[in-house]
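Shown next, in structure tokens, is the structure this report addresses.
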Amino acid sequence: MSASVDSSFRPLSVTTLLIRFLGSMNLAITLLVAVAIASIIGTVLQQNLPYPDYILKFGPFWFEVFKSLDLFDVYSSVWFLVILGFLVISTTVCIFRNTPRVLKDIRDYKESAQLNALRRMSHCHEWQSHFSREICLERINVVASAKGYRLVVKKEAKHLIVAAKKGSGSRLGYIFTHVAIVIICIGGLIDGNVPLKIAEMTDNIQVETRNIPASEVPLISTLPVDNLSFRGTVTIPEGQKANLAFIDFKDGYLVQRLPFLIAVEDFRIDYYKTGQPKSFASDLIIYDEALDAPLHKTISVNHPLEYNGYTIYQSSFGDGGSELRIKLWPLKDAKLSDEIQAVVNTPVALSLEKGDMTLEILDFRPINVNPDITGVKQFKNIGPRFQYKLRTATGEATEFISYMMPVEKDGAKYYLTGLRHTPAEDFRYWYLPADSEDGVARFMRFLTLLGDEEKLKEIALSTLPKQSDSLLPMAEDQELVAQFMVGLVKQFVDGGVGLIAAKVKAVVAPDKQSEISALYAKVLHHFLRNVYWVVLQEEGVDPTSGLNAFDERFYEDAVAAVSISHQYDVPVYLDLVGFDHKEATGLQVTRSPGKMLVFPGCLLLVVGVFCMFYLPQRRFWVIVSGSLENAQLFLAAQASRNPYEFEQEYSELEKALLLQLEVAKTN
Amino acid sequence: MEKTIDKDYKPKRYFFQRCNSADWLWGSLNVIGVVYALSQYHMLMDGYEKAIIICAGLALISFGWVWQSIKLFVVCVTLVSLFAVSRYGITIDLGKSDFFLKYMLASQSAIMWMSALYVMATVTYFFDLLTNKPFSGTVATSLTWTATGMGFIGLLVRWRESYLIDHDIGHIPVSNLYEVFILFSIITALIYLRYEQRYNTRSMGGFVLTVISAAVAFLLWYTVERQADIIQPLVPALNSYWMKIHVPANFIGYGSFSLAAMVGLVFLLKAKMVVVAPQGFLTKRLPELMLLDDVMYRAIALGFAFFTLATILGALWAAEAWGGYWSWDPKETWALIVWLNYAAWLHMRLTKGWRGNPMAWWSIVGFFVTLFAFLGVNMFLSGLHSYGGL
Ligand code: HEM
């Protein structure tokens, strides 16, 4: 605001200037816009991701820049809180400056208005009445109150002034809304993490970034029971208890102690008939010394438990350490399969022929409702699923997702296992055909056999036509042919048809390539089929009966699975055969005393806003002059806010007055 | 000239004195409706839902008292919806065979009628603006009323259909983008019809209905491309009585803001025309600037009031469902941005007295901010509100 240079210019004191600045509309609008812009940044830039994600996205330079501006956590950054603080101060100053004026305005009928001022108003009307002043006054009163006005009459020397007004609600509304904003912001700031930030800046707390049990978290990262306001989460397996919650803070967490124990008896998911989840619910027991008896309560989404200023919400769920029985199928080597027990989230060492590995089971879900591939928006439960990582001794990990039951596709059943090397990738699925016993045994035998060169050679030799039958090669040539066939299979297993094609390309003249490839394919399939026959014979299938449709289809699917098996680059296949499911419920525990301010503040805000818009303040004046018997009337009114609407109101008022004080117009 | 005083003049001071018999009938009908619903279905409702139905009844009563035309509209919509529901009986299957349901009143058919009628109304309003025939104007208005009626019927019948599919699945149809687009269209249309009557002008109709037609176009695309019209069960987080009040309040806000933006557009057009072609037909037919300015202000004030209410209801709901009344979730944050934007608009108008072109431009910009909060957030940002994704 620039002070205008006029004759009455007089330097203002610093305090006055400051107060004026703080209470100015310009500052208010600037702050509103600043909050809006900060909010936009906070939504466009995803907040509170792990730091490495940002480094990946923006590069180290911009990461540092953004981090120093607190852009990864805008809403609890110092600058944002300062803006909010200024908004509170500015609004408060504004209220203090304006309230006296507004209150006066509400009370004041402005009956001392000067005739000249009234004459200058946008709406006026003057006429001569045939009634006495007395009657005029009475009639004005009746009309005014019918229209909701209240009035006062002031006697002047020569005339009377009737001053009427209504709708002070809009002025009260101004006070209500602005006070409400202040109350809401203060409540919000109490519940925000300002106290944590201050504690951190003064080194009273330190964020914990290690993945360690809560009992080992040092005291400096632990918040005491008397912390007034927080929002933490805790995951509790069924049958277990906890008396703490974790608060996400910066790039780590803090531990919040609770003055009571939460025990989880049971966690349940209900499903709709279509299979989608309908509700998540937990049976909780609260143990507190202050309670006579433990408090039992079932919570679910939208139905939290309020206890002693704390609120406990159902917010997520997960695995609480399910026990899985897993059959290990070593791939491409002859060792027999083996069964192990593993618990979700507890690493198990696997000693395999090709080196030791660690199995880390990440998650287990007994029910998986997925969109049905057959139709839009149809859902189907495709059975239990577990997710795991296999980590080599050097620390490299591959992540898998695997279903316990076969999934039907195009009339046949398959076991699905997805694999990926980094979380950014999608899972690529390996489809293993299910055998006649709905298992993977036959496929595994087939694959194992394809990895066993000696056996393969035996099969190759035994299935080559006997030399006596024809002019075909002698024994040593047969040996060579068998060798070739085994080599072909090895290439197929090691790299699929791609590898074979590449080899052909490398050694065969271009014009012969397609011919040779076709020949190789023929030989390969013939041989694979013979190997498959051996697998079937081991199962006791009668070789003379020929392949039935199922076995034929199985063969094709098995070959397809083998041809991409090289992409499945770990030496073991995990087959889930049984489980003992144990769930964990994810609870959110909050304490937010700011609510006691925010909610009433909200009510005040709504009331204020509606008052402001729907109870507009209106005033009119009538000057009654002239002789006692034949009064002279002068009506005046002014629209401050809404000229258009006031126009209507005024014309109705004028009409009513004229009707009641039927008169001869004087102008 | 001697005049006698009308001694019997007794102004009707109190509200109830001003009610006519239609008002009383209206009040009683609503009370009967609410009492009947409560007595029939109280075992299916919790305390909050009973409170909501009572408040809804009261709101409807006062709505009818304030706006006479709405009474007949509500009665028609109710009767037709009841008829449709009675055609269904207790099974959803009749929707495909019963003549009335299949071609008119099954929710999907009603929505199609609504869509077609809104588009026709838009065209007719523009035709009316061009030709200025009283008849075309009446037709346009009737089309809009009918379309809005079909929209309400469609939603009400859909509500019933969801229960017919499976009692478990039943819910109020304001739970996904498809349903709220219908809600948006009919609320915007109703607000428009109110202003049309109040200001006695039809020349804004085509412009406002253009927004509705755009919503209808999206709706049709969404139906054809994504089968969005299939009734889906609620995700657990939405299964709450809060939805019944939060969502409609929000859409009164969105609807008013959109209307304000279109009126802002008309304002700019008129302001331009007054200068460019003072004798042109647009200059003559479009309402005067002061009227447009007033409509714009009223719409934004209405929208702001309801948007404030809706945001607060949202916060209360969040406090119950997510564990905190404010989580800076993108949808919440954008609601705040929209709110701040219109708060600034109102300050400028009410305290600084800004009028005219800048305010009209601002209300158009406000529409895009609102649009982003409504659609953009679902499309581009992820968060707790992600169930509304495209
Ligand atoms: C953030 C939220 C705010 C909202 C939603 C809000 C809302 C409003 C509204 C709707 C009005 C118009 C009331 C009327 O006169 O009819 C108004 C008036 C006003 N506001 Fe605000 N306001 C906010 C913040 C502020 C702040 C921070 C200031 C202070 C600097 C301020 C100063 C004023 C003033 C001076 C008036 C005019 C009062 C009068 O004379 O009637 N407002 N506010």
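Worth saying up front: this structure is predicted, and the values here are computed from it rather than measured. Protein chains get the first letters and strands the later ones, always in sequence-line order, with residue 1 at the start of each.
Comparing A/Val33, A/Ile184, A/Asn302, A/Val301 by heavy-atom pairs within less than 4.5 Å of chain B, the highest count is held by A/Asn302. The choice from B/Ile169, B/Thr311, B/Leu234 that makes the most heavy-atom pairs within less than 4.5 Å of chain A is B/Leu234. Per-residue counts of heavy-atom pairs under 4.5 Å with chain B were compared for A/Val74, A/Asp191, A/Val44; the largest is that of A/Asp191. Among B/Ala321, B/Ala305, B/Ala344, B/Gly323, the residue with the largest count of heavy-atom pairs under 4.5 Å with chain A is B/Gly323.
The shortest side-chain heavy-atom distance between A/Lys278 and B/Pro236 does not fall under the 4.5 Å cut-off. Side-chain contact check for B/Thr333 versus A/Tyr75: some heavy-atom pair is nearer than 4.5 Å. Two residues are said to be in side-chain contact when any heavy atoms from C-beta on lie closer than 4.5 Å; A/Gln47 and B/Asp329 fail this criterion. Counting only heavy atoms from C-beta outward, the side chains of A/Arg231 and B/Ser327 approach each other to under 4.5 Å.
Around OH of A/Tyr614, the count of heavy atoms belonging to other residues, nucleotides or ligands within 6.0 Å exceeds 12. Enclosure of atom CG in B/Asn200 is not indicated, since only 12 or fewer non-hydrogen atoms of other residues, nucleotides or ligands lie within 6.0 angstrom. The 12-atom threshold is exceeded at CD of B/Glu288, counting heavy atoms of other residues, nucleotides or ligands nearer than 6.0 Å.
Taken from CG in B/Asp294 to CD in A/Glu645, the straight-line distance is 6.0 Å, to the nearest 0.5 Å. Summarising the geometry, atom CD1 belonging to A/Ile29 is positioned 4.5 Å from atom CE belonging to B/Met348; distances are rounded to the nearest 0.5 Å. Separating the CE atom in A/Met25 from the NZ atom in B/Lys352 is a distance of 6.5 Å, to the nearest 0.5 Å.
Side-chain atoms of A/Tyr644 never come within 3.5 Å of backbone atoms of B/Val295 as a donor-acceptor pair (strictly under, hydrogens ignored). Remark: the backbone N or O of B/Trp322 is paired with a side-chain donor or acceptor of A/Gln588 at under 3.5 angstrom.
Shortest non-hydrogen contact noted between B/Pro330 and A/Thr43 is CA-CG2, 3.7 Å. Closest approach of A/Ser39 to B/Trp328, counting heavy atoms only: OG-CZ3, 4.0 Å. B/Trp339 and A/Ile181 make their closest contact through CH2-CD1, 3.6 Å (heavy atoms, listed as atom of the first residue, atom of the second, distance). Between B/Gln232 and A/Gln276, the shortest heavy-atom distance links the atoms OE1-NE2, 3.1 Å. Contact record, A/Gly188 with B/Tyr325: CA-OH, 3.9 Å, taken as the closest heavy-atom pair.
In this structure, the portion of B/Trp326 lying under 4.5 Å from any heavy atom of chain A is its backbone and not its side chain. In this structure, chain A has a heavy atom under 4.5 Å from the side chain of B/Asp166, while its backbone stays farther away. For B/Ala315, no part lies under 4.5 angstrom from a heavy atom of chain A. Residue B/Arg198 touches chain A through both its backbone and its side chain, counting heavy-atom pairs closer than 4.5 Å. Using a 4.5 Å cut-off between heavy atoms, B/Leu291 contacts chain A through both its backbone and its side chain. Contact of B/Leu309 with chain A is made through backbone and side chain together, with heavy-atom distances under 4.5 Å. Heavy atoms closer than 4.5 Å to chain B are found nowhere in A/Glu306, neither backbone nor side chain.
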Open item on the list: Please determine whether side-chain contact (heavy atoms from CB on, under 4.5 Å) holds for the pair B/Ser240 and A/His303, giving the CA-CA distance in whole Å, both sets of side-chain angles, and the decisive distance to 0.1 Å.
Closed with: CA-CA 9 Å; B/Ser240 163; A/His303 301 279; over 6 Å; no
Pairs of donor and acceptor atoms involving the side chains of residues 589-613 of chain A, under 3.5 Å and at least two apart or interchain, shall be tabulated with distances.
residue  : atom : partner  : partner atom : Å
A/Arg591 : NH1  : A/Asn227 : O            : 2.9
A/Arg591 : NH1  : A/Tyr310 : OH           : 3.1

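Partners of B/Glu49 under the salt bridge (Lys or Arg N to Asp or Glu O under 4.0 Å) rule, at least two apart in sequence or in another chain, are B/Lys244.
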